[in-house]
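Because the structure is a prediction, the values reported are computed rather than measured.
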Amino acid sequence: MNLHINSDKKKTDTQPQDVVSLINSILAKAMDAGASDVHFEPMADEIVIKFRLDGILEVVERLPGSLSDNIISRLKVLGGLLTYRNDIPQEGRISIKSGDKRITDQRLAVFPTIYGQRAVVRFFYQHKELTTLSQLGFSEEIHKNLKKIATQQQGLLLLTGPAGSGKSTTLAAILRYILKHFSGKSIVTLEDPVEIRIDGVTQVQIPPHGEMTFASALRSLLRQDPEVLMIGEIRDAETAKIAIEAGLTGHFLMTTMHSGTPAGALLRLLEMGIESYQITSSVSAVLNQRLVRRLCSNCKKHDDQKKFRPVGCESCLNTGYHGRAMIAELVEMDSLLRKAVLEKADIEELEKILKEKDHKTILHDGRRLVNDSITTIDEINKVCGIIKS
């Protein structure tokens, strides 16, 4: 299937009555291609359709601007949004399926711009090959330590990384590991939205604009005798405070936080007003992760240095890459780090301690994938920074 339609040629024969089939076709193609997002971006005289494939936005179609309002209106109908409000951001959900792709949720976000409304549809797939910790591609050392951390009776595991770095998939895999090996435990999650459904886990969806917030729900749940808690994301100081307290009082809690490094995550908790002694007593470890594109196995070739390089073929839509792989670093709290946090050390001091401990950084893990011919140095550079060849 060729998704890359000539970007310079606009369709002029698409009529408003064909918008229903047009939207159905675009969303079906996106799912068949494994796109994580579809962008509908209005311009001065056209609307551009983009798919996010393996983390990269690709233009797949350009349509006349005269269709923009009808396209956005159709998406709003599918997402249960107010079609007559064009001046405010709106969020909704779409229920569609295509082929054998299992999708639990499709999130729709609409936002007004100077050229009209911009819409993004995000897909959440259920990948059977990415359900257990052993399938995620962690290094042997991180895999072993994550299993050890999952056996803890209390404490806090922080996952950091940008949006779309696989944090939810990792959390779900850890929960499945706990379910399999400690089946008698009470497990509850708080999410917005529930992206991956897990049998045996009580999952709670927090409405984005409802009275129940992450903080209020977490406070109430602590009275319901949970042993394992998962919070989709720490978004504010109140939620952070309750999560830290839960990790101190006989609960094993996992959550995510937007931070570039493990050291940065610890400092962010301090900036949220969490006392340093609470951080050192509750945080067990910080897992920092990213996703990098895999070289297409159908067309990759050796370069002059006997490293594989991307080429591009029909199988990978001429990108040279197909699918993604995990790179990660895990920092477990020890006496040196606890002492530094208690003394409110800055990020340079924390990074220095990790370096002296011979901590294996996320860049080090990236080199592992380069050496195994899974990805390229250029891809690691783009995602994480510069490493030496």
Side-chain angles (χ1 to χ4, degrees), residues 36 55 124 127 130-139 141-152 154-179 187-196 198 201 203 206 214 218 228-236 239-240 242-244 246-247 251-269 271-272 274 279 282-292 324-333 337 350 354 359-363 365-366 383-384:
S36 60
F124 297 100
H127 295 287
L130 295 175
T131 58
T132 67
L133 276 175
S134 60
Q135 294 173 320
L136 299 189
F138 287 115
S139 68
E141 182 180 1
I142 290 179
H143 181 219
K144 178 184 71 175
N145 289 333
L146 280 177
K147 290 194 294 183
K148 179 189 70 177
I149 292 166
T151 67
Q152 294 180 176
Q154 67 178 48
L156 176 64
L157 172 62
L158 273 177
L159 271 68
T160 66
S165 59
K167 298 187 296 295
S168 296
T169 301
T170 299
L171 286 172
I174 296 173
L175 289 177
R176 291 191 187 98
Y177 178 83
I178 294 171
L179 274 173
I187 306 175
V188 183
T189 74
L190 300 177
E191 305 170 71
D192 174 29
V194 173
E195 298 176 7
I196 302 169
I198 307 171
V201 174
Q203 295 177 272
I206 305 296
F214 277 100
L218 180 56
V228 178
L229 283 161
M230 190 272 275
I231 307 173
E233 182 184 349
I234 289 182
R235 300 181 178 180
D236 53 59
T239 305
I242 301 169
I244 290 290
H251 305 87
F252 176 58
L253 189 141
M254 299 181 292
T255 188
T256 70
M257 175 182 286
H258 289 293
S259 175
T261 64
L266 295 174
L267 289 184
R268 190 173 173 210
L269 289 174
E271 291 167 357
M272 285 181 164
I274 307 300
I279 296 173
S282 62
V283 176
S284 301
V286 183
L287 176 69
N288 184 32
Q289 65 181 61
R290 302 287 189 279
L291 293 177
V292 296
R324 290 195 282 178
M326 175 88 73
I327 57 175
E329 62 182 323
L330 180 67
V331 171
E332 295 187 74
M333 294 294 286
L337 278 175
L350 292 176
L354 291 175
H359 165 65
K360 292 181 174 61
T361 68
I362 199 166
L363 296 178
D365 202 37
V383 173
C384 299

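Shortest non-hydrogen contact noted between G166 and L291 is N-CD1, 3.9 Å. Scanning both residues, G232 and T256, for their nearest heavy atoms gives O-OG1, 2.5 Å. Nearest heavy-atom pair, C384 versus I362, reported as atom, atom and distance to 0.1 Å: SG-CG2, 4.2 Å. The two residues G55 and R324 come nearest to each other via the heavy atoms CA-NH1, 3.6 Å. The two residues G161 and K167 have their closest heavy-atom pair at O-NZ, 3.0 Å. In terms of heavy-atom proximity, A265 sits nearest to S259 at N-OG, 3.0 Å.
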Quick one, E191 with I196, criterion side chain to side chain contact (heavy atoms under 4.5 Å, CB included). Give me CA distance, side-chain angles, the key distance, then yes/no. CA-CA 10 Å; E191 305 170 71; I196 302 169; 5.9 Å; no

Give the C-alpha distance, both sets of side-chain angles, the deciding distance and a yes or no for side chain to side chain contact (heavy atoms under 4.5 Å, CB included) between L175 and M254. CA-CA 9 Å; L175 289 177; M254 299 181 292; 3.3 Å; yes

Quick one, N288 with T361, criterion side chain to side chain contact (heavy atoms under 4.5 Å, CB included). Give me CA distance, side-chain angles, the key distance, then yes/no. CA-CA 9 Å; N288 184 32; T361 68; over 6 Å; no

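Annotation: side chain of T255 is not in contact with side chain of F214 (no heavy-atom distance under 4.5 Å). The shortest side-chain heavy-atom distance between M230 and Q203 does not fall under the 4.5 Å cut-off. Annotation: side chain of T160 is not in contact with side chain of T261 (no heavy-atom distance under 4.5 Å). Between L269 and L158, some side-chain heavy-atom pair lies under the 4.5 Å cut-off. The closest side-chain heavy-atom distance from R235 to D192 is below 4.5 Å. Side-chain contact check for T132 versus R176: every heavy-atom pair is 4.5 Å or farther apart. With contacts defined as side-chain heavy-atom distances shorter than 4.5 Å, the pair L157/I174 qualifies. Between E233 and H258 the shortest side-chain heavy-atom distance falls below 4.5 Å.
Considering OG1 of T170 and CG of L146, their distance stands at 8.0 Å, rounded to 0.5 Å. To the nearest 0.5 Å, atom CD1 of residue I274 and atom CD1 of residue I244 are 5.5 Å apart. Taken from CG in L156 to CD1 in I234, the straight-line distance is 6.0 Å, to the nearest 0.5 Å. Expressed to the nearest 0.5 Å, how far CG of L330 lies from NZ of K144 amounts to 11.5 Å. In this structure, the separation between CD on E141 and CD on E329 is 12.0 Å, given to the nearest 0.5 Å. Within the model, atoms CD of E332 and CD1 of I149 stand 4.5 Å from one another, a figure rounded to the nearest 0.5 Å.
Side chain of D365 to main chain of A328: a donor-acceptor pair is present (N/O by atom type, distance under 3.5 Å, no hydrogens or angles).
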